[in-house]
Amino acid sequence: MAKTASIPGTKTLPLMGDQAVAEAMRQIDPDVVAAYPITPQTEIVMTFAQFAADGKVDTEMIPVESEHSAMSACVGSAAAGARTMTATSANGLALMWEIVYIAASTRLPIVMPVVNRALSGPINIHCDHSDTMGARNSGWLQVYSENAQEAYENTILGMRIAEHKDILLPIMVCQDGFITSHAVEGVEIFPDEAVKKFVGEYKPVMPTLLNVDKPVTYGPLDLQDFYFEHKRQQSEAIKNSLAIIPEVIDEFNKTFNRKHDLVEEYKLDDADVAILVLSSTAGTTKVVVDELREKGLKVGLLKPCFFRPFPKDRIVSALSKVKAIAVLDRAEAFSGCGGPLYEEVKSVMYDAKVRPHLINYIFGLGGRDIFKEDIANVYKDLLDIAKTGKVKDQLNFIGVR
Amino acid sequence: MFEVRWHGRGGQGAKTASQFLAEAALEADKYIQAFPEYGPERAGAPIRTYTRIDDAPINVHSPVTNPEAVVVIDHTLLASIDVTEGLGEDGILVVNTADDPKIIRERLNFKKGTVATVDATKISLDTLGIPMPNMPMLGALAKVKPIVPMDSLIERIKHKFLKKIGEEKTNANIEGIKRAYEEIVVG
């Protein structure tokens with residue numbers, strides 16, 4: 001996201017990514033937060049719990065005994081008509097699993113910041129995307145953040161998207177564990193009033209559990225007669241969200257003078273080759289693109305901001321311009337064919353008029369560092385492929401012994 | 001872009017120092033990044049932290065490999081860790097020790113750039129009454145690399161500490177930073 005001048009009243013504070021998300025939550029002031037602390041999400045819950053204890057929010061804070069209970073409490077509160085948030089990481093998300101699907105299929109607009117961390121085992125607390133990539137078929141929307149600023153803004157944006165009357169789906173707002181969650185950066189915090197005005201007062205679209213005038217049941221038995229229709233509706237909702245999200249983004253951009261989008265193209269217009277990567281590594285890749293461009297190499301970057309819904313048309317049109325693409329995955333899908341991002345990009349690129357070469361690199365599992373040199377080597381491979389038309393290995397690994 | 005790596009032991013405030021420098025730089029309208037290298041977290045274990053400061057937005061999100069400066073908060077780390085790793089020809093090494101820079105140079109066989117020493121532990125004992133050398137090391141760094149002016153450091157201390165620890169201790173911290181700035185020996 002390009003840097004633009006901020007609206008009056010915006011303050012730049014030194015904050016970790018986790019604290020930035022907690023600031024967004026304070027400004028949103030949700031009715032209910034039910035959460036359980038887990039590294040590296042802990043500082044979100046800790047900071048927000050302090051806001052609640054200090055009376056800076058009116059939120060009902062529910063300190064639950066596990067993540068399964070956290071998501072269960074969120075489902076209950078959202079169905080009751082309360083604006084609801086939680087936050088988690090890795091094994092916490094895994095423990096929620098059963099209820100994660102229920103939240104989406106019940107069409108409850110819960111906002112959940114997820115601080116990406118490797119799933120056990122072996123046990124590891126550092127960044128990769130195995131947690132949220134595992135949840136890619138759960139029916140939740142997913143937005144990935146490059147830095148603390150984006151994590152903050154995506155939390156605010158996510159609230160409006162989830163609650164949009166024609167979307168009504170929960171959303172995971174992802175950022176990279178430790179890399180951005182625990183790095184202090186200057187974060188521009190919008191004025192409280194501007195954020196409150198943007199998210200507005202929550203008026204549930206569907207009848208709620210606490211509406212005694214119109215009693216309803218949530219989550220009843222749904223067998224051969226209607227389950228399929230409900231799944232079809234979910235499918236439509238995700239598909240339709242792809243058209244509606246840009247409208248909400250547009251409103252966000254106008255309100256806060258920003259340039260959010262479904263995907264971010266970086267120096268891609270005249271590029272011969274491109275890397276496609278999510279979150280913080282997209283930032284490091286931008287630096288490499290700048291350095292290689294100075295040497296006259298035509299390289300570019302495509303950063304999907306949204307992974308759910310999958311911005312198919314935008315990805316196809318952006319990548320159709322180049323000769324060779326490397327998809328960098330911070331997760332393994334264990335299909336034997338590459339990571340989850342690669343599989344989906346490759347799948348949609350089948351529809352491209354001219355199909356560029358497409359290769360996959362798995363990197364950064366369990367927090368393994370990725371350096372500028374690693375990314376420069378990927379571009380070198382891509383330029384070779386663009387020149388010779390020969391792909392040695394489709395599936396590659398960066399920085400593994 | 002200015003990049004500095006901090007070496008300390010868990011509990012000595014290396015993380016606080018790296019963040020503090022970034023916060024002071026932010027107050028001087030710079031772009032910043034400060035982050036520790038998270039390993040097993042326990043008191044006394046060697047830790048590294050990093051600070052990046054620039055006039056342009058900082059997009060890179062990987063550890064610092066070629067710092068312009070290295071600050072060693074605990075000199076006992078010199079025996080077990082290659083603190084000069086990645087330092088270039090103009091590299092700056094600042095060590096908390098009572099020894100002369102020449103002795104440190106010989107010990108590390110480091111012939112390049114700048115080596116500076118200051119007894120920050122003694123300074124913190126004199127000013128605060130406890131061995132907490134991280135704040136004085138900020139004053140020492142400011143002398144050899146004035147990336148953040150002393151005024152900004154002092155303003156940030158007042159902003160951050162005054163409410164939390166009171167005027168007396170805040171002034172003791174400022175005194176510590178000023179003394180390290182004065183007493184640092186460059187060789």
Side-chain angles (χ1 to χ4, degrees), chain A residues 1-4 11-17 19 39-40 117 124-127 145-150 175-188 264 266 277 279-291 301 303 363-364 367-375 398-399, chain B residues 1-6 13-42 47-67 85-86 148 152-153 155-157 159-161 163-164:
Chain A
M1 187 189 56
K3 175 100 184 148
T4 49
K11 280 186 201 155
T12 306
L13 303 175
L15 297 173
M16 300 194 303
Q19 294 169 321
T39 302
R117 159 185 155 180
N124 180 298
I125 59 166
H126 290 278
C127 177
S145 318
E146 180 183 321
N147 49 35
Q149 186 71 44
E150 284 192 11
Q175 66 167 311
D176 281 350
F178 289 108
I179 300 165
T180 62
S181 73
H182 285 63
V184 173
E185 296 182 327
V187 181
E188 296 183 346
E264 181 185 347
Y266 190 75
V277 66
S279 298
S280 70
T281 312
T284 309
T285 304
K286 286 175 186 171
V287 180
V288 178
V289 168
D290 291 346
E291 289 175 2
L301 160 75
K303 178 184 83 176
F363 76 99
R368 178 66 50 86
D369 288 322
I370 181 156
F371 295 98
K372 287 192 297 181
E373 294 74 19
D374 300 318
I375 295 163
I398 299 173
Chain B
M1 180 158 57
F2 174 71
E3 296 177 310
V4 54
R5 184 174 71 223
W6 305 77
K15 186 179 157 200
T16 305
S18 66
Q19 285 189 7
F20 197 90
L21 180 67
E23 289 168 12
L26 183 68
E27 228 152 77
D29 288 329
K30 304 277 187 188
Y31 290 90
I32 57 149
Q33 217 180 58
F35 54 102
E37 195 173 272
Y38 281 94
E41 291 167 59
R42 56 193 194 274
I47 62 157
R48 293 160 171 239
T49 65
Y50 308 96
T51 311
R52 286 193 172 105
I53 298 169
D54 204 355
D55 291 323
I58 299 170
N59 289 324
V60 66
H61 278 107
S62 57
V64 172
T65 46
N66 295 102
E85 187 187 355
V148 177
S152 299
L153 284 176
E155 273 313 302
R156 187 67 203 166
I157 286 190
H159 179 89
K160 195 158 183 172
F161 288 167
K163 252 197 227 165
K164 220 168 163 183

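Reminder, nothing fancy here: chain letters follow the sequence lines and each chain counts from 1.
Contact of the P57(B) side chain with the E185(A) side chain is not registered, since no non-hydrogen atoms from C-beta on lie closer than 4.5 Å. Using a 4.5 Å heavy-atom threshold, the side chains of E146(A) and N59(B) count as touching. Counting only heavy atoms from C-beta outward, the side chains of I32(B) and V184(A) approach each other to under 4.5 Å. Under the 4.5 Å side-chain criterion, counting only non-hydrogen atoms from C-beta, D369(A) is not in contact with S62(B).
For the side chain to side chain contact (heavy atoms under 4.5 Å, CB included) with L26(B), the lone residue among T12(A), V187(A), L13(A) that qualifies is T12(A).
In this structure, chain A has a heavy atom under 4.5 Å from the side chain of T65(B), while its backbone stays farther away. Only the backbone of I370(A) comes within less than 4.5 Å of a heavy atom of chain B; no side-chain atom from C-beta onward does.
Listed by chain and residue number, nothing satisfies the ring pair (Phe, Tyr, Trp, His ring centres under 6.0 Å) test with F2(B) (two or more places apart in sequence, or in another chain). Contacts of D290(A) classified as side chain to side chain contact (heavy atoms under 4.5 Å, CB included), with partners at least two apart in sequence or in another chain: Y266(A), K267(A). In this structure, the side chain to side chain contact (heavy atoms under 4.5 Å, CB included) partners of E373(A), at least two apart in sequence or on a different chain, are F371(A).
Your options are E27(B), K30(B), Q33(B), and the one with the most heavy-atom pairs under 4.5 Å with chain A is Q33(B).
Heavy atoms of other residues, nucleotides or ligands lying less than 6.0 angstrom from NZ of K160(B) number more than 12.
To the nearest 0.5 Å, the span separating OG1 on T180(A) from CZ on F35(B) amounts to 11.5 Å.
Considering all non-hydrogen atoms of both residues, H61(B) and N147(A) come closest at CE1-CB, 3.9 Å.
Below 4.5 Å, heavy atoms of chain A meet heavy atoms from Q19(B), E23(B), all part of residues 13-23 of chain B.
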